[in-house]
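Below: the structure, in structure tokens.
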Amino acid sequence: MLDQLKTLQSTALTELAHIGDDAALETWRVTHLGKKSAIQGVFDGMKNLTKEERPLVGKAANEARQALQVAFDEKAAALKEAALQRALQTDRLDVTLPGRPLAVGGLHPITQTMRHIYAIFAEMGFQVYRSREVETDEYNFQLLNFPPNHPAREMQDSFYIQSDTDRGDNPIILRTHTSPGQIRSMREYSGYDGGDTLPENPPPVRIILPGMCYRFEPITTRSNIQFTQVEGLAVGKNITLGDLKGTLSDFARRIFGQQVRTRFRAHHFPFTEPSAEMDIECFVCNGAGCTVCKRTGWLEILGSGMVHPVVLRNGGYDPNIYSGFAFGMGPERITMLRHKIEDIRYFWANDLRFLEQF
Ligand code: DAH
């Protein structure tokens with residue numbers, strides 16, 4: 001039995017010496033160390049041995065198994081090392097070369113301004129409401145009190161999505177401003193379907209409507225065919241022009257600095273009455289007059305007004321019970337003023353020399 005173990009061990013070791021790959025090594029392990037191996041057979045046969053033989057054979061078998069295990073581990077390590085050496089030879093890599101730095105991304109300056117605006121209005125209790133960019137003439141104009149052929153449409157020439165004339169006065173267009181979101185959001189809040197009866201007790205609205213707008217216009221340093229707006233809408237009971245002025249003046253102080261002065265100038269928008277534009281005191285010259293404010297001392301920041309009764313009604317809010325204010329601003333313009341950027345086209349030129357400055 002003891003001789004048998006010796007032979008077993010030496011044949012296994014000779015075989016092992018010739019092995020050169022992992023698959024063969026695994027086969028060897030199963031044959032010589034596995035559950036059906038000859039050594040395991042010796043252990044299994046112990047019960048048939050005499051009392052005297054048992055410890056001797058047990059010891060020898062254990063030693064043989066241990067020797068095979070050690071040899072196996074060494075072989076496995078050697079194969080691994082050989083594979084590594086081979087890989088190092090074939091995939092030569094100069095680890096002394098300096099690494100390539102990872103490019104760090106950044107937020108587009110307009111995104112930064114928009115997020116700043118969201119944060120300020122969020123603190124005042126306004127939620128962000130996302131509305132569609134592809135609109136109908138009805139929502140973009142008619143429900144906002146611009147009838148077909150109204151002269152105020154002159155300011156907002158659209159991109160038409162469908163050329164078919166079947167839709168008559170209601171073609172599909174890219175929205176020219178975020179204001180159609182006023183109707184969409186009021187209708188969602190109130191549940192109004194556009195019919196004859198207005199819903200009872202519709203909930204109050206406090207939202208901002210950010211997003212991309214499109215106008216068919218010549219591209220210049222001050223206007224582009226694509227730009228962002230942030231619209232705001234507050235509807236409820238007893239909302240007054242004082243609420244509008246307070247909210248927007250506070251907004252101006254939060255975004256431009258606590259000392260900034262504001263003024264409201266009467267204006268006209270079809271969907272608000274009365275309407276006003278808000279100016280802030282020019283922060284470049286502190287109101288003295290310079291080229292940025294065209295010597296007026298003031299910079300126009302946004303349009304605003306009390307929501308027109310027709311618009312409230314189109315959204316499902318009875319104008320005899322509810323009132324509201326709305327405003328709309330252009331993040332491009334605000335960003336240009338804050339950073340003294342002279343050409344709006346930089347925002348879309350994708351020039352890293354420009355973008356990396358923010
Ligand atoms: N929709 C207007 C525009 O694009 C901006 C505007 C003005 C929005 C006054 C408003 C508002 O909500 O009250 O020119």
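Counting convention: from 1, in listed order, for ligands and their atoms alike. Quick caveat: nothing in here was measured; it's all calculated off a predicted structure.
- Close contacts of ligand 1 with Thr272, meaning ligand atoms under 4.0 Å from a residue heavy atom, involve 13 (O).
- Checked against a 3.5 angstrom limit, the closest N/O atoms of Phe271 and ligand 1 fall outside it.
- Using modelled atom types and a 3.5 Å distance limit, the side chains of Thr220 and Ser223 yield a donor-acceptor pair.
- Contacts between Arg215 and ligand 1, counted as non-hydrogen atom pairs separated by less than 4.0 Å, involve the side chain only.
- When each of Asn350, Ile344, Asp343 is paired with Tyr346, the side-chain contact (heavy atoms from CB on, under 4.5 Å) condition holds for Asp343 and for no other.
- Not one N or O of Phe269 is nearer than 3.5 Å to an N or O of ligand 1, by distance alone.
- Every atom of ligand 1 with a heavy atom of Gln229 under 4.0 Å away is listed here by number and element: 3 (C), 4 (O).
- Ranking protein heavy atoms by distance to atom 12 (O) of ligand 1, first place goes to Glu231 OE2, 2.6 Å.
- The only member of Glu273, Gln182, Met306 that meets side-chain contact (heavy atoms from CB on, under 4.5 Å) when paired with Val311 is Gln182.
- Distances below 4.0 Å separate heavy atoms of Ser179 from the following atoms of ligand 1: 1 (N), 8 (C).
- Ring geometry for His108 versus Trp348: interplanar angle of 30 to 60°, hence tilted.
- The contact set between ligand 1 and Gly305, taken as ligand atoms under 4.0 Å from a residue heavy atom, comprises 13 (O).
- Donor-acceptor pairing under 3.5 Å is lacking for the side chains of Asn62 and Gln66.
- Atoms of ligand 1 lying under 4.0 Å from at least one heavy atom of Gln156, given by number and element, are 3 (C), 4 (O), 14 (O).
- Seen from the ring of Tyr214, Arg175 does not count as a face-on cation partner, given the 6.0 Å and 45° thresholds.
- Shortest non-hydrogen contact noted between Met336 and Glu342 is CE-C, 4.0 Å.
- Those atoms of ligand 1 with a heavy atom of Ala326 less than 4.0 angstrom away are 12 (O), 13 (O).
- Near Gly303, meaning under 4.0 Å from any of its heavy atoms, are these atoms of ligand 1: 7 (C), 9 (C), 11 (C).
- A salt bridge does not link Arg313 to Asp318: none of the charged nitrogens lies less than 4.0 Å from a carboxylate oxygen.
- With distances taken over non-hydrogen atoms, the option nearest atom 8 (C) of ligand 1 out of Pro270, Gly328, Ala276, Gly232 is Gly328.
- In the vicinity of Gln182, heavy-atom distances shorter than 4.0 Å reach the ligand 1 atoms 12 (O).
- Between the side chains of Thr228 and Glu332, at least one donor N or O lies within less than 3.5 Å of an accepting N or O.
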